[in-house]
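Worksheet for the structure shown next.
Predicted model only: the values in this text are computed from it and were never measured.
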Amino acid sequence: MKNYIKSLFTKAEEKLDYLKDIKIQLSVPQEVSHGDYSTNAAMLLTKKLKKNPREIAKEIIDNFDIDESIISKIEIAGPGFINFFFTVSYVNKIVKVINDKKNSFGKSAKYNGIKANVEFVSANPTGPLTVGHGRNAVLGDTVAKLLEEIGYDVDREYYFNNAGRQMRVLGNSVAARYRELLGEKIEFNDEYYQGEYIKDIAKKIYEQYGDKYKDNSEDDIFKDTAEKEIFKDIKQTLEAINIKFDNYFNENDLYEKGEIQRLLDFFEEKNLSYKKDGAVWLKLSELGQEVDKVIVKSTGEPTYRLPDIAYHKSKFDRNYDLIIDIFGSDHNATYPDVLAGISALGYDKEKVKVIIYQFVTILEKGQVVKMSTRKANYITLDELIDEVGKDVVRYFFIMRNSTSHMNFDLDVAKQQSDENPVFYLKYAHARIASILRMVKEQNLNASFDNLDLLNTETEQKLVKYLHKYPEEVMLAAKNYEPHKLANYLENLAALFHRFYTECRIIGSEKELAEARIALILAVKIVLKNGLNIFSIEAPEKM
RNA sequence: GCGCCCGUAGCUCAAUUGGAUAGAGCAACAGCCUUCUAAGCUGUAGGUUAGUGGUUCGAGUCCACUCGGGCGUACCA
């Protein structure tokens, strides 16, 4: 529908030069009486042409070459909107299109062959994933899926660091628990990781090696075993919500392959770094940032900035055209430094899109739960998945804009999981499946011969909404906003449920019944395609 | 103090990127199952979009200031 209107404008441009100066915006009015599509083109031209917008609208319409089998009416309304009305038979053609395309309806080839890298989760292996990581994980995976839907070739990547202070503390924590197991009285340092999982790891080491490491608290065995075990759990948790990564990128590689040193040399050579107080500083003030920052501490250890820049450089070197980072709002002050470093290296930082999501406030018994991995004060993602299930977890984290500071009341989630909107979507799908089973018993089959019979207001609304699906996918993908698609699906389900109560299939005339079957098949396909993007089951029964 | 994000119905959140009368779900109230799944549908009620000013044909959306909340503001990651 939209494309047809655009073609009208393109043709009209040959006669009306001024149309070339504006971008034609088409929107679907909220009010049905304002047509199927509406444009503000005439209003945008008032200044330039110094004419009344309604006069301009009239001139534009007079220059349209209209096919009456497609457009039933065009009118000028309000201050100068041009409203388009489509014919029933043209609108209903989509039902056949969807049934023909099935799974591929909504997919686009627009970005075929373009390589994208989506980096998300990226938690260091110091403890189990918490509910806080959930938003990151689901957002990243869904953004990746949306990009695939419009043609991108996407790699999902997890970046982690198994060196550094945090991991040493982790190793020491396990060693302490290990000695405790051997009967030693230990003082469990406040700085140590307090969680029960530390004891489990210590126990594993004890079961395998006995007291072999009794006097070797510094041995790598503690850190290495902890890392391995924790990573195993993290991967399991992610798999439980259908998330798999293509690449695991270890920060250590950057050191071992000399990338860090090379980068340091480069900055020095280009006179972009200098020494002060025994540390190496990057001249970020010359790269568009406020102040210079340290990249190598006086101890000789790099700060996170250096490896982060090197890491992003590696993404460019691996030929990604689109590089997406999913970060929590606590990172919002750090990435501009990295981007500045990247452009200093001569890369196009526009290819990097940083998606900052706001933290979810977790409430339990009316209290805010503050999360800390080290203090073992957290609710794990596993617990949440066990409690409410994979689909609810996934839907919950993408149903709202990532800019929203969501509240999540655990008690409500546990009690009212039946009232979660995700069930509403699933129910619509299951309901259609059920109708189709009944219809089969009555020997009725979908038919596309009499789609014009779908002419009630309820049916037309539903059909027109189906038209929008591919556009909604594109919009959600290009803006990295999965919640838009969630809203779309909820509206679609609502329109279907209404159709269900108002329009019967069994009991209607055969022609009408079979046209309606074609319609609900189309709705089922779109619901399923949408839920598939969210990795949520579309059940045949509930 | 400074930077980023947010403030919309009692609660949780939308709003086609500046469009026409700001919409859903919970919660409340009143209805709808001897016919395809009532995890559903219909209706009622609920709003000075935190506040004040500005920009224009037109502002929840853009700008300025004020108030309130979140996250940062390291030679931690």
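- A stem is defined here as three or more consecutive Watson-Crick or G-U pairs, each with both distances under 3.5 Å; for RNA chain B these stems are B:1-7 with B:67-73, B:10-13 with B:23-26, B:28-32 with B:40-44, B:50-54 with B:62-66.
- Between A:Phe81 and B:A20, a base-stacking contact is recorded: ring centres under 5.5 Å apart, planes less than 30° from parallel.
- Applying the 3.5 Å distance criterion, the base of B:A39 shares no donor-acceptor pair with the side chain of A:Asn420.
- Among the protein residues, A:Asn40 comes within range of the nucleic acid bases, having at least one heavy atom under 4.0 Å from a base atom.
- Residues meeting the side-chain contact (heavy atoms from CB on, under 4.5 Å) test with A:Leu521, sequence neighbours left out: A:Asn99, A:Leu436, A:Ala446, A:Ile517.
- Mapping A:Glu502 and A:Ser38 onto RNA chain B by nearest heavy atom places A:Ser38 closer to the 5' end of the strand.
- B:C13 and B:G70 have their P atoms separated by 15 Å, given to the nearest Å.
- In this entry the distance linking CE of A:Met43 with P of B:G19 reads 10 Å, nearest Å.
- Mapping A:Glu481 and A:Ala433 onto RNA chain B via the closest heavy atom, the residue that lands nearer the 5' end is A:Glu481.
- Residues A:Val169 and A:Tyr193 are in side-chain contact: their nearest non-hydrogen atoms beyond the backbone lie under 4.5 Å apart.
- Nucleic acid contact for A:Asn491: none, since no nucleic acid atom lies under 4.0 Å from a heavy atom of the residue.
- When heavy atoms are screened at a 4.0 angstrom cut-off, A:Val28 is found touching base atoms of the nucleic acid.
- Here B:G19 presents its P atom at 8 Å from CD of A:Gln25, a figure rounded to the nearest Å.
- Among A:His429, A:Lys426, A:Lys390, the single residue meeting the side-chain hydrogen bond (donor to acceptor under 3.5 Å, both in side chains) criterion with A:Glu537 is A:Lys390.
- Counting only heavy atoms from C-beta outward, the side chains of A:Ile24 and A:Ile22 approach each other to under 4.5 Å.
- Annotated as syn: B:U17, whose O4'-C1'-N torsion sits within 90° of 0.
- A donor-acceptor contact closer than 3.5 angstrom links the side chains of A:Ser285 and A:Asp292.
- The distance from atom CG of A:Leu492 to atom C1' of B:G25 is 17 Å, rounded to the nearest whole Å.
- When the C1' atom is compared between B:G54 and B:U42, the two are found 44 Å apart, to the nearest whole Å.
- In this structure, A:Arg498 reaches the B:U42 phosphate: one of its side-chain N or O atoms is under 4.0 Å from OP1 or OP2.
- Put simply, NZ on A:Lys464 is 17 Å from C1' on B:U16, counting in whole angstrom units.
- Distance CE (A:Met399) to P (B:A24): 16 Å, rounded to an integer number of Å.
- No side-chain donor-acceptor contact under 3.5 Å links A:Ser402 to the backbone of A:Tyr357.
- Within the structure, a side-chain polar atom (N or O) of A:His483 is placed less than 4.0 Å from OP1 or OP2 of B:A15.
- As rounded to whole Å, 21 Å separates atom P of B:G25 from atom CG of A:Asn407.
- Going from atom CD of A:Glu472 over to atom P of B:A15 covers 11 Å, rounded to whole Å.
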For nucleotides 70-77 of chain B, just jot down a letter per nucleotide in 5' to 3' order: B, S or -, based on protein non-hydrogen atoms under 4.0 Å.
-> BBS--BSB
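- In this structure, A:Asn52 reaches neither bases nor backbone, as no heavy-atom distance under 4.0 Å exists between it and the strands shown.
- Side-chain N/O atoms of A:Tyr500 include one lying less than 4.0 angstrom from OP1 or OP2 on B:A38.
- A:Met406 comes within contact range of the sugar-phosphate backbone alone, with a heavy-atom separation under 4.0 Å but no base atom that close.
- In B:C33 the base sits syn relative to the sugar, since the glycosidic angle is no further than 90° from 0.
- Comparing the C1' positions of B:C63 and B:G46 gives a spacing of 33 Å, expressed to the nearest Å.
- Here A:Glu540 lies in heavy-atom contact (under 4.0 Å) with a base.
- A donor-acceptor contact closer than 3.5 angstrom is absent between the side chains of A:Asp325 and A:Tyr335.
- Judged by a 6.0 Å distance limit and a 45° cone about the ring axis, A:Arg504 is positioned over the six-membered ring of A:Tyr500.
- Each of A:Thr126, A:Asp224, A:Asn252, A:Asn124 was scored for a side-chain hydrogen bond (donor to acceptor under 3.5 Å, both in side chains) with A:Asn162, with one residue passing: A:Asn252.
- With hydrogens and angles ignored, the 3.5 Å screen pairs a side-chain donor or acceptor of A:Arg54 with a backbone N or O of A:Gly78.
- One finds a side-chain N or O of A:Ser434 lying less than 4.0 angstrom from the OP1 or OP2 phosphate oxygen of B:U37.
- Within the 4.0 Å cut-off from OP1 or OP2 of B:U17, not a single side-chain nitrogen or oxygen of A:Lys484 is found.
- Nucleic acid contact for A:Lys426: none, since no nucleic acid atom lies under 4.0 Å from a heavy atom of the residue.
- In this structure, the side chain of A:Thr303 engages the main chain of A:Val294 through a donor-acceptor pair within 3.5 Å.
- A centroid separation of 6.0 Å or more is found between the aromatic rings of A:Phe84 and A:Tyr4.
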